[in-house]
Amino acid sequence: MSMSLSIPKPLDIAAIRQEFPILHREVKGRPLIYLDNAATSQKPKQVIEALVNYYSKQNANIHRGIHSLAEEATAAFELTRDAVQSFIGAGFREEIIFTKGTTESINLVAYTWGRKNIQSGDEIIISTMEHHSNIVPWQILCEEKNAVLKIIPISDEGELLLEEYEKLLGPRTRLVSLVHVSNALGTVNPVRQITEMAHRIGALVLVDGAQSAVHLDIRVQDLDCDFFAFSAHKLYGPTGVGVLYGRKELLEAMPPFQGGGEMIKEVRFTKTTFNELPYKFEAGTPNIGDVIAFRSAIEFIETTGKEKIRRYEQELLHYAHQELEKVPGLAIVGRAREKVSVVSFVIDGAHPQDIGILLDNRGIALRTGHHCAQPLMDRLGITGTSRASFAVYNTLHEIDELVKGLQRVVKMLA
Ligand SMILES: Cc1ncc(COP(=O)(O)O)c(C=O)c1O
């Protein structure tokens, strides 16, 4: 009997780069090297074409029309919901709520579930490494309800201190709202374990998946989280679209977020009844074109292969760590054992903003500053970092160019 071994083909990065028109432009007379993917990723042709196709051929308001365009646009919009359901492994399509981004998804939970369920003296747990969008909504809620916000500390390497987390859990804990992957450090948090510990004492868990959805295989039912929030624009999709996944029974029990068209069943001056899921949380005309184009981004990831992307990005991460450490005076910030392809660093005597400007002169785009994580910067005793974050279209050569650029920066500044 003959056995055929199927060896997975590596990714053809040159061919993938061809799919991203923006990668062929120049900045300051040099080929663009885009290393700011944690802020937003670039878009492949199929996403751009889906947007053009929608506005050229299908544009209509959805759900309410009976004419052909409205029906086509509605069908395309709802197909994205199915694609998202399968992309994150949700049990039901009505558990997928479209928002305008992670920020709005988290605020939705704070304003609806939070206002209904949080009472004076209740406790909400977040961590030191949260993005501002997973801090401020809870601060506002806690202030309004006289509730208490507790913070999981981290190690110097940028990992959560789980034994400290355990001590924070108590009879008044109602919610643990935690970043899956830190945008500033790249740390991957052990969400499954954190969820298990929270559920043991009856608290719910919201996962901020803004940075994880593009790098990790997300199965919300395996993570066993109650809510999961992410943004399309960080996974090769358009801006202005986000997702809130919530367990059906929780979403059903939550009051609506915004009032208006689409979220109602019947409106009378005497009494208004609300629509069923998911529409109860989608008041007004949604971002139809971008939601439709988002499906093409998911298709891009799925046809490229998430596991192949993950492996390639890990190669970029390890190479970047190895090469950046050769730059004199450079220290990597964030040395968790499990990381995605995000590398933050500081250089002795060089301000991150100056580093950013000098690299931009060489066509290299990276992010500098506090990365919307000021409490994390305070904990680390710095005001900011420079951050290179890699996507599937980045190359080892681009990392070499970054290192060369930094070596020049050191000569000029440090
Ligand atoms: C970890 C994390 N959470 C939340 C957000 C907010 O995402 P958005 O601005 O798309 O709402 C970001 C964006 O950078 C992020 O990195």
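Note that the numbering runs from 1 along the sequence shown for the chain. All values reported here derive from a predicted model rather than from experimental measurement. Counting starts at 1 for both ligands and their atoms, following the listed order.
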**Separation between CD1 of I126 and OG of S177, rounded to the nearest 0.5 Å** = 7.5 Å
**Asked** Should the pair H132 and H370 be assigned to parallel (<30°), tilted (30 to 60°) or perpendicular (>60°) ring geometry?
**Response** tilted
**Fill in**
Rounding to 0.5 Å, atoms CD (Q193) and CD (E166) come to a distance of 9.0 Å
**F227 and W113 aromatic ring geometry - parallel, tilted or perpendicular at 30°/60° bounds** = perpendicular
**Message:** If you take the nearest heavy atom of each of V342, T99, T103, which one is closest to atom 11 (O) of ligand 1?
**Reply:** T103
**Message:** Please determine whether any non-hydrogen atom of K234 lies less than 4.0 Å from an atom of ligand 1.
**Reply:** yes
**Request:** Return the residue, atom name and 0.1 Å-rounded distance of the protein heavy atom closest to atom 4 (C) of ligand 1.
**Result:** S133 OG, 3.1 Å
**Request:** Return yes when H180 approaches ligand 1 closer than 4.0 angstrom through a heavy atom, no otherwise.
**Result:** no
**Asked** Among T102, T40, D290, whose side-chain hydrogen bond (donor to acceptor under 3.5 Å, both in side chains) with H233 holds?
**Response** T40
**Item:** R174/E123 ion pair, N-O < 4.0 Å
**Value:** no
**Message:** Could you tell me, atom by atom, which parts of ligand 1 come under 4.0 Å of a heavy atom of V179?
**Reply:** 1 (C)
**Prompt:** Looking at F257 versus F281, is the centre-to-centre ring distance below 6.0 Å?
**Reply:** no
**Item:** T102, portion touching ligand 1 at heavy-atom distance under 4.0 Å
**Value:** both
**Complete:** atom 16 (O) of ligand 1 sits nearest the protein heavy atom Q211 NE2, 2.7 Å
**Request:** Report yes or no: does a heavy atom of D208 sit under 4.0 Å from some atom of ligand 1?
**Result:** yes
**Request:** From the options H131, H132, H233, select the one whose nearest heavy atom is closest to atom 15 (C) of ligand 1.
**Result:** H131
**Prompt:** Can S212 and H180 be counted as having a side-chain donor-acceptor contact under 3.5 angstrom?
**Reply:** yes
**Prompt:** Of all the atoms in ligand 1, which lie at a distance below 4.0 Å from a heavy atom belonging to S231?
**Reply:** 7 (O), 8 (P), 10 (O), 11 (O)
**Prompt:** Which of the atoms of ligand 1 are close to N183, meaning less than 4.0 Å from one of its heavy atoms?
**Reply:** 1 (C), 16 (O)
**Message:** Test of understanding: given a 4.0 Å heavy-atom threshold, classify the contact between E130 and ligand 1 as side chain, backbone, both, or neither.
**Reply:** neither
